Number of protein chains: 2
Amino acid sequence: MKAGDEADGARGRKASKETRRGQLIEATIDSLAKRGYSETTMADIADGAGLSRGIVNFHFESKENLLIATLQFMADEYASHWMGAYDKAGPRAADRLWAIVAADFDRRLCTRRKLAAWCAFWGEAKSRPTYQALCGARDDAYQNTVQDLLAALKAEGGYGYATEALTLALCAMLEGLWFRMMMGDGMTREAAHDGAKDWLAAVFPRHFTTAGPKAE
Amino acid sequence: MKAGDEADGARGRKASKETRRGQLIEATIDSLAKRGYSETTMADIADGAGLSRGIVNFHFESKENLLIATLQFMADEYASHWMGAYDKAGPRAADRLWAIVAADFDRRLCTRRKLAAWCAFWGEAKSRPTYQALCGARDDAYQNTVQDLLAALKAEGGYGYATEALTLALCAMLEGLWFRMMMGDGMTREAAHDGAKDWLAAVFPRHFTTAGPKAE
DNA sequence: ATATTTTGAATGACCATTCAGCAAGTATGT
DNA sequence: ACATACTTGCTGAATGGTCATTCAAAATAT
């Protein structure tokens, strides 16, 4: 599907400002995925959206603004996705932990193009404070939630682990699995998720099997 | 220390071809760390090396060649570093595993500038097969070695874990810890190494404490 | 003298940004 | 209905700046 195709009435002049911004952000993700950060041009983005060359500056003022808006969009999407999974899961800590780990490997998030776009931003983050802040905020809330859930499991299950060390181990492993999916060396979404599930089942045998949380 | 300063007789015209190439590679790492991939220019590299604008094309033909040579240099350095640690450790699997994990967090490898340079290359790797191959080769050999060592520990210690799942968990966590050091959000080299040591002690209590391998 | 290494100005390609003008809608008046 | 003025969204050629690359000349080494 091309970024220029839209479900609502986006054709012609009718598109609202927000619709256009959305189109351009999607085209930006496409371009980042296809060409990488350093080769992504305004022309490529505009062509991808099926619009003219000046359009980005009209809606976003500058290329930099568009890129920041794109990263912001992906960060928001990521956060609302796992938070939604957390809320939908039952009240039990085990269910919640299972749900947010599953959210990390959801089909909608781990597409080739989104992973590649994240990769492009991460590569630049080290030398761009704005990107770094947006990428970093991504993980802080997630990690705090994981830590609370692991503490709850420990209290319930009588495990001997130190909660902080466990949190670090789990979160670092999840990030490492993402990293491998991004690099693409044979690590599929399913294999990564299986790796995470194996870990949970091994560390919390009283709460999980590799198939899921145990019923009570 | 600026890249232009060299221990051997690199001043003036005396420098050998290999010395010049080394200087330029170091200056490239500096520039990648300071400005990121997309803002690294030939002029910045040449200035950093204290040489003139045309010098890179004389020694490397093109910017792309210089970048590939730089990545190759870092990959070689990484590989020879952990392989050296492996060889220097005793014959016991526990000592060897401890040594190559320690090598991953060695002071010489985990400098701010090298981490930032790796970060820059990783960001572009997804859309550049040449970079991807060099980055991927980095980890394959390491992972195979880890897998063999974990299998040996399992045979010695009677642990119940599946070797492949453990290998994935450990290697993904190590990569995740690197990732966090790169992002710089408060993850120091020491803290990352401690995280890895805690993991080893928790998973293989009969072989390790957090201080190191147990004596026999 | 010849070969090798280095310089730095010139070249040309690429690209973000600008802006004058066009097109499509909307409001007001007749 | 129709005309007129005004607003908003959009276009694409022109502009100016940045950058990798080239190369003739200069400096140095053999």
Side-chain angles (χ1 to χ4, degrees), chain A residues 3-6 8-28 30-32 34-70 120 124 127-128 130, chain B residues 3-6 8-28 30-32 34-70 120 124 127-128 130:
Chain A
D5 306 316
E6 291 297 323
D8 62 352
R11 275 272 160 257
R13 302 296 174 112
K14 292 209 268 274
S16 74
K17 253 180 149 81
E18 274 314 303
T19 306
R20 275 281 178 272
R21 285 174 65 95
Q23 282 181 316
L24 289 170
I25 284 172
E26 291 296 328
T28 304
D30 286 338
S31 184
L32 288 171
K34 189 172 28 136
R35 307 166 49 126
Y37 187 96
S38 71
E39 308 240 278
T40 285
T41 64
M42 304 276 265
D44 193 52
I45 291 167
D47 290 353
L51 296 167
S52 70
R53 296 298 155 93
I55 196 73
V56 167
N57 287 282
F58 181 77
H59 285 285
F60 288 92
E61 292 275 304
S62 70
K63 182 185 185 185
E64 180 67 9
N65 278 353
L66 169 59
L67 289 167
I68 289 169
T70 301
E124 290 292 307
S127 46
R128 301 204 182 214
T130 310
Chain B
D5 307 313
E6 292 297 321
D8 62 351
R11 275 269 160 260
R13 303 295 174 114
K14 291 210 271 275
S16 73
K17 252 180 150 76
E18 274 314 303
T19 306
R20 275 280 178 268
R21 286 175 62 96
Q23 281 181 317
L24 290 169
I25 284 172
E26 290 297 328
T28 304
D30 285 338
S31 185
L32 288 170
K34 188 170 32 128
R35 306 165 49 124
Y37 187 96
S38 71
E39 309 240 277
T40 285
T41 64
M42 304 278 266
D44 193 53
I45 292 167
D47 290 353
L51 296 166
S52 71
R53 297 298 155 91
I55 197 75
V56 168
N57 288 282
F58 180 78
H59 285 286
F60 288 93
E61 290 277 303
S62 70
K63 182 185 185 184
E64 179 68 9
N65 278 354
L66 169 59
L67 288 167
I68 289 169
T70 302
E124 290 291 308
S127 47
R128 301 206 182 210
T130 310

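Just so it is clear: chains get the letters A, B, ... in the order the sequence lines come, proteins before strands, and each one is counted from 1. Computation of the quantities below employed the complete heavy-atom set of this structure, encompassing side-chain atoms and omitting hydrogens, waters and symmetry-equivalent molecules. No experiment lies behind these values; they were computed from the predicted model shown.
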- Item | A/Ile55 side-chain proximity, nearest of C/dC15, C/dT7, D/dT11 | D/dT11
- Closest to side chain of B/Lys17, choosing from C/dT5, C/dG8, D/dT11: C/dT5
- For D/dC10, does OP1 or OP2 lie under 4.0 Å from any side-chain N or O of A/Arg20? yes
- Item | d(CG, A/Asn57; P, D/dG9) in whole Å | 16 Å
- Task: Compare all side-chain heavy atoms of A/Ile45 with those of A/Lys63 and state whether any distance is below 4.5 angstrom.
- Result: no
- Message: Using the side-chain heavy atoms of B/Thr41, tell me which of these nucleotides is nearest: C/dC15, D/dA20, D/dG9.
- Response: D/dA20
- Here the distance between atom P of D/dT7 and atom CZ of A/Phe58, to the nearest Å, is 14 Å
- Whole-Å distance between C/dT6 P and B/Arg21 CZ? 13 Å
- Item | Candidate nucleotides D/dT21, D/dC10, C/dT17, ranked by approach to the side chain of A/Ser62 - the nearest | C/dT17
- Query: B/Asn65 CG to D/dA20 P: how many Å, rounded?
  - Reply: 14 Å
- 4.5 Å side-chain heavy-atom contact, A/Glu124 and A/Leu67: no
- Query: If you check every side-chain atom of A/Met42, which of C/dT6, C/dA16, D/dT11 has the closest atom?
  - Reply: C/dA16
- Message: In this structure, how many angstroms lie between the P atom of D/dT18 and the CZ atom of B/Arg53, rounded?
- Response: 13 Å
- Does some side-chain heavy atom of A/Ile25 sit less than 4.5 Å from a side-chain heavy atom of A/Phe60? yes
- Note, B/Arg128 side chain near B/Glu64 side chain (heavy atom, < 4.5 Å): yes
- Note on the structure: Separation of D/dA20 atom P from B/Leu24 atom CG, nearest Å, is 14 Å
- Item | Between C/dG8 (P) and B/Asp47 (CG): distance, integer Å | 11 Å
- Query: Below 4.5 Å, heavy atoms only, C-beta onward: do B/Glu39 and B/Asp44 meet side chain to side chain?
  - Reply: no
- Message: Please report the distance, rounded to the nearest Å, between NE2 in A/His59 and P in D/dT8.
- Response: 13 Å
- Quick one: which of D/dA20, D/dG9, C/dT7 gets closest to the side chain of B/Lys63? D/dA20
